[in-house]
Amino acid sequence: MRFIVDCMHGKLARKMRIYGYDTIYENNLEDDEILSRAQDEKRVLLTSDEDLIRRAYSKNIPVIRIPLDNDLSRMTKIFKVLKVKPVLRPKFSRCPQCNDIIKRINKSDVKDVPDKILKRKKVFYKCFNCGKIYWYGSHWKKIREFEETLKTQFRHP
Ligand SMILES: [Zn+2]
C-alpha cells in the first residue's frame with residue numbers, strides 16, 4: 001500500500017517511510033496535484049484538511065483523516081484504519097528524506113561519516129537516490145521508543 005500526504009504532514013511522511021511505506025510528500029504540491037497523483041498512482045491520501053477530504057471522497061480516492069495532535073495518534077489512526085499491526089523492519093525502511101529504498105552497504109564503502117561513528121558502528125545503510133547514509137544512532141533509539149509506545153496501542157483490540 002502506498003501513500004501521499006498533504007503539505008502539513010512532512011513529519012508523518014518521514015515516519016511512514018521509516019516503517020517501509022512508499023509515501024509521497026512535497027511541501028509545494030498543490031491540492032489538485034495531490035489528488036491527481038493519489039488517483040494516478042493509486043495512493044491512499046493522508047490529510048487533516050477537510051476540503052481535501054471532501055474532494056478525495058468525490059473522486060473515490062481512499063483517504064484517512066489524520067488527527068492533528070501528535071505522531072503517536074496519527075500513526076495509531078492509520079494502522080487501525082488499515083487493520084495492520086505496526087511492525088518496524090529496518091531492512092524494509094525507506095529513506096525518510098526522499099522516499100527511495102535504502103540498501104545496506106559495506107563499512108569500507110562508507111564515506112563522509114564522522115570517524116567516531118565509523119569506529120563504533122558496524123551496520124550502515126545508504127540511499128542511492130539522495131546519497132544519505134544511515135546507522136543505528138540516537139535517532140534510531142527514539143524511533144524504537146516510539147515503536148514500543150505505538151505497539152501498546154494495539155495490544156487490546
Ligand atoms: Zn534518500
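Atom set for the values below is all heavy atoms of this structure, side chains included, hydrogens, waters and symmetry mates excluded. Read the numbers this way: they start at 1 and go in the same order the structure lists the ligands and their atoms.
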**Study point:** Any donor-acceptor N/O pair, K42 side chain to R2 backbone, under 3.5 Å
**Key:** no

Review point. Which residues pass the side chain to side chain contact (heavy atoms under 4.5 Å, CB included) test with P86, sequence neighbours left out?
Key: Y19, F79, L150, F154

Check your understanding: So does E145 pair up with K142, basic N to acidic O under 4.0 Å?
Key -> no

Exercise for review: Tell me the protein N, O or S atoms under 2.8 Å from the Zn ion (ligand 1), in chain and number order.
Suggested key: C95 SG, C98 SG, C127 SG, C130 SG

Exercise for review: Could you tell me which residues satisfy salt bridge (Lys or Arg N to Asp or Glu O under 4.0 Å) with D100, sequence neighbours excluded, listed by chain and number?
Suggested key: none

Exercise for review: Walk me through it: do R94 and T23 pass the test side chain to side chain contact (heavy atoms under 4.5 Å, CB included)?
Suggested key: CA-CA 9 Å; R94 301 178 78 91; T23 306; over 6 Å; no

**Study point:** Qualifying residues under salt bridge (Lys or Arg N to Asp or Glu O under 4.0 Å), relative to R104, sequence neighbours excluded
**Key:** none

